[in-house]
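A, B, ... follow the sequence lines: proteins, then strands. Residue 1 opens every chain. Small disclaimer: the values here were computed from a predicted structure and weren't measured.
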Amino acid sequence: MIRLVFDPRFISAHAALFWGYLTAVALLTAAAFIISFRRLKR
Amino acid sequence: MKDGIKRLSGLKNIGIAFICCYLHFITEVLCFYYLTKATRGVLNAWMIPFVYDGLAFVPQGIIGYAADKRPGLALAIPGFMLMLVSLSVFGFTSVNIYVSLILMCLGNALVHVDGAEATLKNSFGKLSHSAIFVSGGSFGVITGRVLALYDVPVWFVLLMGISAAPFIAASFGYKGTKVAEAEGFDYVRTGISPLFAAAAAVAVVIIRGYMGYGIPTSWNKTLIQSVYMFVIMGLGKALGGILSDAFGIRKVAFASTLLAIPFLCLGDGYMFVSLTGVMFFSMTMSVTLAILVSVMSDSPGLAFGLTTIGLFLGTAPIFFVRLARGADIAFISVMSAVCSLLLTLVLKEPET
């Protein structure tokens with residue numbers, strides 16, 4: 001039903017870069033959602 | 001029909017929409033010329049657009065928030081400078097690809113936030129402005145790709161980038177660019193929690209982001225067919241806002257999400273059927289933005305940033321997994337119906 005379309009070996013070979021990037025993106029996303037939650041009209 | 005045309009003829013500051021549309025068009029030309037060139041013949045090329053999506057889309061939330069705090073910042077100027085430097089570094093030096101990629105992403109994010117702020121603050125609660133601004137991107141994506149595929153030299157694309165300068169200067173003439181709030185957006189039904197409305201809008205953006213890449217389009221094999229696809233996407237985005245202003249946001253949201261289902265599901269092998277579905281589904285772009293600005297009118301930049309974060313969240317899975325044929329059609333049908341339900345639940349027609 002769901003098939004993988006990437007090469008997991010590539011991610012293993014660049015693990016630090018890949019997870020570092022994903023962490024940065026996750027932190028930016030979380031920050032934007034938290035700020036938005038506080039800016040919502042009550 | 002007459003009333004709708006009358007409402008459209010009364011749109012104020014529509015000039016800023018076309019200025020920002022051109023700036024958005026040129027931004028995407030630069031970015032997709034770069035991306036197409038950078039990924040050609042590269043092993044595991046998916047990593048470059050994946051990083052691009054994250055670093056161009058996600059920071060727009062924080063950049064938008066900063067721009068809301070300091071209205072009047074001309075973010076398009078550093079934005080274009082970063083993109084031009086990035087393309088020059090890529091085209092004329094052998095510096096690591098990720099240096100130019102990061103510069104390109106940041107430039108892209110700055111120009112997007114600038115255009116969103118300018119159109120939302122000058123539209124007095126109308127959707128056409130932001131819809132026309134966003135539609136320029138689709139035309140830019142395919143133009144950038146075509147220029148790269150035909151090996152147009154870098155200097156020519158840099159010249160296209162410089163052509164944005166008078167348009168940036170023209171955008172300064174619009175007063176709303178310097179105010180803090182986007183006035184007049186009141187599209188969320190009374191009694192609906194702002195948190196629910198915002199979550200629903202982001203959910204619809206995520207679904208639209210996924211469907212933009214996940215819809216079955218086995219007909220799309222040639223360059224000219226890709227051109228049709230992006231042109232229709234752009235027209236759909238613009239039409240969503242224009243028709244909402246003319247006939248009502250709730251009607252357009254409900255009709256476009258529901259009408260998209262049969263066309264998207266049955267259009268795998270039929271280009272015109274599929275394109276009709278793509279156009280209908282693209283119409284929800286300005287609708288979701290209007291919902292977010294309605295519940296965050298003092299933070300239009302942040303509201304726009306949430307939609308771009310939603311787009312990243314929707315497109316990110318495409319780089320890793322795909323649904324099997326049949327499952328994707330079922331997924332599209334269910335998700336479009338969910339979108340239609342959420343939008344109809346949240347939206348109200350504005351008082352005229």
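For the atom pair CD1 (A/I35) and CE (B/M296), the distance works out to 9.0 Å, reported to the nearest 0.5 Å. Between the OG atom of B/S299 and the CZ atom of A/R38 there is a distance of 11.5 Å, given to the nearest 0.5 Å.
Put simply, the residue from B/L302, B/L195, B/V295 that forms a side chain to side chain contact (heavy atoms under 4.5 Å, CB included) with A/S36 is B/L302.
Of the two parts of B/V202, only the side chain, counted from C-beta on, holds a non-hydrogen atom closer than 4.5 Å to a non-hydrogen atom of chain A. Looking at B/I318, the atoms closer than 4.5 Å to chain A (heavy atoms on both sides) all sit in the backbone: N, CA, C or O. The parts of B/F320 that come within reach of chain A are both its backbone and its side chain, each placing non-hydrogen atoms under 4.5 angstrom from that chain. Contacts between B/F312 and chain A at a heavy-atom distance below 4.5 Å involve the side chain alone, from C-beta outward.
With chain A as partner, the option from B/G54, B/A327, B/A199 having the largest number of non-hydrogen pairs under 4.5 angstrom is B/G54. Looking only at heavy-atom pairs under 4.5 Å with chain A, the residue among B/L292, B/I309, B/D68 that has the most is B/I309.
Scanning both residues, A/A31 and B/I62, for their nearest heavy atoms gives CB-CD1, 3.8 Å. The two residues A/L40 and B/A198 have their closest heavy-atom pair at CD2-CB, 4.0 Å. Between A/A32 and B/G61, the closest heavy-atom pair is CB-CA, 4.2 Å.
The aromatic rings of A/F18 and B/F50 lie parallel to each other, with less than 30° between the two planes, well short of the 60° mark.
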